[in-house]
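Data first, discussion second: the structure below is written as structure tokens.
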Amino acid sequence: MLMGQSNMAGVADKQASDQNSDARLKVLGGCNQPAGQWNVANPPLSDCPGEKGWNLSTAVDPGIWFGKTLLGKLNEGDTIGLVATAESGESINTFISGGSHHQMILNKIAKAKTAENARFAGIIFHQGESDSGQNSWPGKVVQLYNEVKEAWGADYDVPFILGELPAGGCCSGHNNLVHQAADMLPDGHWVTQQGTNVMDEYHFDHASVVLMGTRYGEKMIEALGW
């Protein structure tokens with residue numbers, strides 16, 4: 001699952017190098033593709049436009065590079081199914097129970113579960129700009145994890161990998177809470193933003209999107225023991 005706000009939904013313009021033609025990497029729905037079915041994954045992977053109209057149809061998101069990185073370790077005959085639920089500009093409160101995007105997340109999980117031999121394998125999460133510095137945030141990350149795990153019906157723990165917020169932007173002070181949330185999860189991890197750049201106050205540039213997506217993939221490979 002790919003979860004979070006704009007830096008997970010994607011803002012930087014996509015380039016030819018971001019495209020994927022490997023049918024083993026699929027996305028449930030995805031921007032510019034038929035909803036409710038598994039399509040060959042190409043950016044952006046979350047629905048567009050988002051509820052606020054901010055999920056850009058021309059963008060690249062780290063999820064595609066996360067997936068491309070996992071392909072290098074994928075067992076023969078297996079498929080990666082990406083379930084993308086990012087919404088730009090949103091607080092974590094909109095994703096947990098009672099929030100405006102919670103049902104969308106549950107609906108996508110319900111559909112994904114019907115895939116043959118589906119197994120919930122993990123979550124990558126980039127969010128916090130809208131909740132920067134709020135001490136209640138790590139506990140809400142744990143709540144989100146537990147609610148997603150329950151929706152999948154998983155009786156096992158999965159890796160939950162958080163991304164640091166960019167140092168050149170608005171909210172890098174939140175990264176202490178990113179680390180705290182990772183420590184509170186049963187299989188929590190985080191990836192560094194070191195070496196990234198922003199286009200504006202909030203958003204990674206193209207090279208940084210690629211770097212963060214690759215780091216998510218490498219960390220997931222490590223966490224899954226692939």
Original post:
Does the distance from a Lys or Arg side-chain N to an Asp or Glu carboxylate O, for K108 and D47, drop under 4.0 Å?
Top reply: yes
Original post:
Does Q19 offer a backbone N or O that forms a donor-acceptor pair with the side chain of K68 under 3.5 Å?
Top reply: yes
**OP:** Report yes or no: does D131 contribute a side-chain atom to a donor-acceptor pair with the main-chain N or O of I92 at less than 3.5 Å?
**Re:** yes
**OP:** Taking N75 for its side chain and D78 for its backbone only, find out whether a donor-acceptor pair lies under 3.5 Å.
**Re:** no
Original post:
Counting distance only, does the side-chain N/O of N20 pair as donor-acceptor with the main-chain N or O of A41 below 3.5 Å?
Top reply: yes
Subject >> H206 vs S17 side-chain heavy atoms within contact, under 4.5 Å >> reply: yes
**OP:** For residues F160 and V141, determine if any side-chain heavy atom of one lies less than 4.5 Å from a side-chain heavy atom of the other.
**Re:** yes
Original post:
Would a line drawn from the ring center of H126 to the ring center of F204 be shorter than 6.0 Å?
Top reply: yes
**OP:** Report the residue from L144, V83, V148 that forms a side chain to side chain contact (heavy atoms under 4.5 Å, CB included) with I123.
**Re:** V148
**OP:** Could you pull out the closest heavy-atom pair between Q134 and L177, with the gap in Å?
**Re:** O-CD1, 3.3 Å
Original post:
Mind checking whether I221 and T69 have side chains closer than 4.5 Å, heavy atoms only?
Top reply: yes
**OP:** For L224 and A121, work out which heavy atoms get closest and say how close.
**Re:** CD2-O, 3.6 Å
**OP:** For the pair Q5 (side chain) and S130 (backbone), establish whether a donor and an acceptor sit closer than 3.5 Å, ignoring hydrogens and angles.
**Re:** yes
Original post:
Which heavy-atom pair separates W152 from A112 by the least distance, and what is that distance?
Top reply: CH2-CB, 3.5 Å
Original post:
So, do L74 and I80 sit near enough that their side-chain heavy atoms are less than 4.5 Å apart?
Top reply: yes
Original post:
Do P44 and L56 come close enough that some side-chain heavy atom pair is under 4.5 Å?
Top reply: no
Original post:
Can you check whether S91's main-chain N or O pairs, donor with acceptor, with T94's side chain at less than 3.5 Å?
Top reply: yes
Subject >> side chain to side chain contact (heavy atoms under 4.5 Å, CB included), paired with F125, selected from I161, L2, L162 >> reply: L162
**OP:** For the pair Q194 (side chain) and A167 (backbone), establish whether a donor and an acceptor sit closer than 3.5 Å, ignoring hydrogens and angles.
**Re:** no
Subject >> Polar side-chain atom of E87 near backbone of G50 as donor-acceptor pair, under 3.5 Å >> reply: no
Subject >> Distance-only side-chain donor-acceptor flag, N176 / H174, under 3.5 Å >> reply: no
Subject >> Flag if over 12 foreign heavy atoms under 6.0 Å of OH, Y202 >> reply: no
**OP:** Look at the side chain of Y145 and the backbone N and O of V158, then say whether any donor-acceptor pair between them is shorter than 3.5 Å.
**Re:** yes
Original post:
Quick one: does N135's side chain get under 4.5 Å of Q180's, heavy atoms only?
Top reply: no
Original post:
Considering all heavy atoms of both residues, which atom of S132 and which atom of C171 are nearest to each other, and what is their separation?
Top reply: OG-CB, 3.5 Å
**OP:** Please test I124 against M8 for side-chain contact (heavy atoms from CB on, under 4.5 Å), starting from the C-alpha separation and ending with a verdict.
**Re:** CA-CA 9 Å; I124 64 172; M8 184 61 74; 3.7 Å; yes
**OP:** Please report the C-alpha distance between K149 and D157 in whole Å, then the side-chain angles of each, then the deciding distance to 0.1 Å, and finally whether the salt bridge (charged side-chain N to carboxylate O under 4.0 Å, His left out) criterion is met.
**Re:** CA-CA 8 Å; K149 181 179 165 182; D157 293 323; 2.7 Å; yes
**OP:** Could you tell me which non-hydrogen atom of S97 sits nearest to which non-hydrogen atom of Q143, and how far apart they are?
**Re:** N-NE2, 4.1 Å
Original post:
For residues Q37 and N39, is any side-chain donor paired with an opposing acceptor at under 3.5 Å?
Top reply: yes
Subject >> Residue pair T192 / W190, side-chain heavy-atom distance below 4.5 Å >> reply: yes
Original post:
Any idea which heavy atoms bring E164 and M212 closest together, and the distance?
Top reply: O-CE, 4.1 Å
**OP:** Kindly say whether V11 contributes a backbone atom to a donor-acceptor pair with the side chain of H203 at under 3.5 angstrom?
**Re:** no
Original post:
Less than 4.5 Å apart, any side-chain heavy atom of K111 and any of L28?
Top reply: yes
Original post:
For residues S208 and D205, is any side-chain donor paired with an opposing acceptor at under 3.5 Å?
Top reply: yes
Subject >> Heavy-atom neighbours of E150 CD exceed 12 at 6.0 Å >> reply: no
